[in-house]
Amino acid sequence: MTRASRNSVPSEATGGLALPDPKATLKAYYAGSRMGSPVGGVLEVLRVQRVGDGSAKLILECNSSSLRYELPIKKATRTEKTKVKQSLLEGIDPTCPRHGESRRLTRVGPTLVCPACGVTFGRAL
């Protein structure tokens, strides 16, 4: 393999493969359980990338085949944002509505973001 071909397309630019059942994989991720790979093995989280519109994507890698997968995470719903705002008004540290009480939201600039799923849940007060 020549140096030019090895560096021609970085892995971040190519993205990952699509998962056959993204809903089930996302449900397993929120629950904190193992995520099965389509080719056998277990998927491991490499990184969580926030997207400008408030959504995010997970970059996953299969531990048996080293294939990388990309799992899109939808942006927060109006109900989730209202729940976070209500807890802020009550003086309670807001938690991620998708992960439950185990994950607190962190402040990133003026917004509140879940560090585990990368979704933006509104502005801090």
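Residues M35 and L60 approach most closely at CE-CD2, 4.0 Å, considering heavy atoms. Listed here is the closest heavy atom pair of V39 and S65: CG2-OG, 3.3 Å. For the pair P72 and L26, the tightest heavy-atom approach, listed with the atom from each and the gap, is O-CD2, 4.4 Å. For the pair K81 and T120, the tightest heavy-atom approach, listed with the atom from each and the gap, is CE-O, 4.4 Å. T95 and G100 get closest at one heavy-atom pair: CB-O, 3.6 Å.
At least one side-chain heavy atom of P97 sits less than 4.5 Å from a side-chain heavy atom of F121. Under the 4.5 Å side-chain criterion, counting only non-hydrogen atoms from C-beta, L43 is not in contact with L71. Between C117 and V48, every side-chain heavy-atom pair lies at or beyond the 4.5 Å cut-off. Residues T25 and Y69 have side chains not in contact (no heavy-atom distance under 4.5 Å, counting atoms from C-beta outward). By the 4.5 Å heavy-atom criterion applied to side chains, H99 and C114 are counted as neighbours.
Placement of L58 and V113 in two distinct hydrophobic clusters is found when ILVMFWY residues are connected by side-chain heavy-atom separations under 4.5 Å, directly or transitively. Under the 4.5 Å side-chain heavy-atom criterion for ILVMFWY residues, a single connected hydrophobic cluster contains both L17 and V45. Residues L105 and I92 fall into different hydrophobic clusters, defined by Ile, Leu, Val, Met, Phe, Trp and Tyr side chains chained together at heavy-atom separations under 4.5 Å.
Side chain of N63 to main chain of V42: a donor-acceptor pair is present (N/O by atom type, distance under 3.5 Å, no hydrogens or angles). Judged purely by atom type and a 3.5 angstrom limit, T106 has no side-chain atom pairing as donor or acceptor with the backbone of P115.
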Residues R103, Y30; criterion side chain to side chain contact (heavy atoms under 4.5 Å, CB included); working and verdict: CA-CA 10 Å; R103 301 281 183 168; Y30 288 144; over 6 Å; no
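Going from atom CD of Q49 over to atom CD1 of I73 covers 10.5 Å, rounded to the nearest 0.5 Å. Here the NZ atom belonging to K27 is positioned 15.0 Å from the CZ atom belonging to R98, to the nearest 0.5 angstrom. E61 CD to R47 CZ: the interatomic distance, rounded to the nearest 0.5 Å, is 10.0 Å. To the nearest 0.5 Å, the span separating OG1 on T111 from CZ on R123 amounts to 7.0 Å. Summarising the geometry, atom CG belonging to D93 is positioned 10.5 Å from atom CD belonging to E101; distances are rounded to the nearest 0.5 Å.
Counting heavy atoms of neighbouring residues, nucleotides and ligands inside a 6.0 Å radius, atom CD of E90 exceeds 12 of them.
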